[in-house]
Amino acid sequence: MIPYGRQTIDEDDIEAVIRALKSDFLTTGPLIEQFEKKVAAYTGAQYAVAIANGTAALHAACFAAGIAAGDEVITTPITFAASANCVLYCGGVPVFADINPRTYNIDPAEIERKITARTKAIIPVHFTGRPCEMDEIHAIAKKHRLVVIEDAAHALGAEYKGVRVGGLSDLTTFSFHPVKHITTGEGGMILTNDETLYERLKLFRTHGITRDERFLSKNDGPWYYEQTELGFNYRITDFQCALGISQMDKLPSFLAAREDKAHIYDEAFAGEANIEIPYQMEGCRNAWHLYVIRVKNGKRKEVFEQLRGAGIAVNVHYIPVYSHPYYRTHGYGDVCCPNAEAYYGECISLPLYPGLTEEEQRYVIEKVKEYCGR
Ligand SMILES: *Cc1c(COP(=O)(O)O)cnc(C)c1O
């Protein structure tokens, strides 16, 4: 099977992990901060907190942003469930705003329509690696005093109007799951330019416990620490960060390879009547986490099954979050975003990752054309 995404691990990466395993620290050691500094420097954000996974990163961001019981947070239905679950973890209420039918990203006009007196934050998701309309989203946030948390799990290396995603908003989260741009096995990171948010993120990662003199109510002695918030154990290990540091060196080549392969798909499908290729965007850099086509002849299911049958592990990203049984039975039974539904009925994610060979891609293109042409 040709997967839709997979990691690229080389000997340098393996040696970096082995060195970490032989060092004094398996966790809570110096490689955590080294990895954080590397990603912060790359994205241009001031502070970074490495964490157990991308979902924990979103949870931590919601905590730092002060999301609490009854707070509404607006996000897109076309995303992984974690983008909305993180709001529920904090007692908040996810509110779904429909997507733009061309970009498949959350539509700023739809965000505006969903704002109420209880809205506290917006979680835009840079779906497939294409940056959302951040100027418009920031303007809405400013007008209504909302926190912006970018779910950038698809967008490490993406650029919005010449600026890398990571330092644009109050908080930005990344995932380092193996299908993402770089991997640590499981892992994630939150970036911010705000020192207060940074301190809250670190607290949340380690049980809400601090030893920092500045935050203690008293000090009984050198052993002393205090739990000041209800946090979690969301730490990442040093050997995972060793892998992350090594992977970061290859990110530019990973991004270039993804972009090249995306353009090969674009050209191959440009003249196909039954295939809609991704919207061609100007002024922003797409990080190309996913390459999604829309099958326009009403036969997405058949095409999907045929591709799987031909050894191509295509996927569907995503089932609208509100339509999962958990959401339907928790107050979202009547929610419907028409653009998201239309998109969901036609989308297929094709294989896209740096290690996809020319031969494999040619085979994928041939089969996609064959099955969509019927
Ligand atoms: C992968 C992903 C996450 C969650 O990341 P994990 O590291 O798997 O927890 C969150 N949001 C989006 C959009 C993702 O693709």
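Order of appearance sets the numbers: ligands from 1, and atoms from 1 within every ligand. These figures come from a predicted structure and were not determined experimentally.
Near Y318, meaning under 4.0 Å from one of its heavy atoms, ligand 1 places the atoms 15 (O). For ligand 1, the atoms closer than 4.0 angstrom to any heavy atom of T79 are 13 (C).
Residue pairs meeting the side-chain hydrogen bond (donor to acceptor under 3.5 Å, both in side chains) criterion with at least one member in residues 77-87, sequence neighbours excluded, are T79-S83, S83-D151, N85-Y327.
For atom 15 (O) of ligand 1, the closest heavy atom belonging to the protein is H154 NE2, 2.8 Å. Counting only heavy atoms of the protein, atom 5 (O) of ligand 1 lies nearest to S175 OG, 3.3 Å.
Taking the six-membered ring for Trp and thresholds of 30 and 60 degrees, Y291 and F269 have ring planes inclined between 30 and 60 degrees apart.
No hydrogens or angles considered: a donor-acceptor pair under 3.5 Å links the side chains of S169 and H138.
Remark: ligand 1 and K180 share an N or O pair separated by less than 3.5 Å (distance only, no angle test). Taking only nitrogen or oxygen atoms, main chain and side chain alike, G54 reaches within less than 3.5 Å of ligand 1.
If you look at H289 next to ligand 1, there are no close heavy atoms at all, none under 4.0 Å.
Here the options are R211, E213, E226, the test is side chain to side chain donor-acceptor pair (under 3.5 Å), and the partner is N219; only E213 passes.
Compare I51, T128, T55 by their heavy atoms: the one nearest to atom 4 (C) of ligand 1 is in T55. Considering only non-hydrogen atoms, atom 10 (C) of ligand 1 lies nearest to D151 out of N85, D151, T173, T76.
Judged by the 6.0 Å and 45° rule, R200 forms a cation-pi pair with F63. In this structure, R130 fails the cation-pi test against Y160, since its NZ or CZ atom is not both closer than 6.0 Å to the six-membered ring centre and inside 45 degrees of the ring normal.
Every residue two or more places apart in sequence or in another chain that forms a side chain to side chain donor-acceptor pair (under 3.5 Å) with Q240 is listed here: T237.
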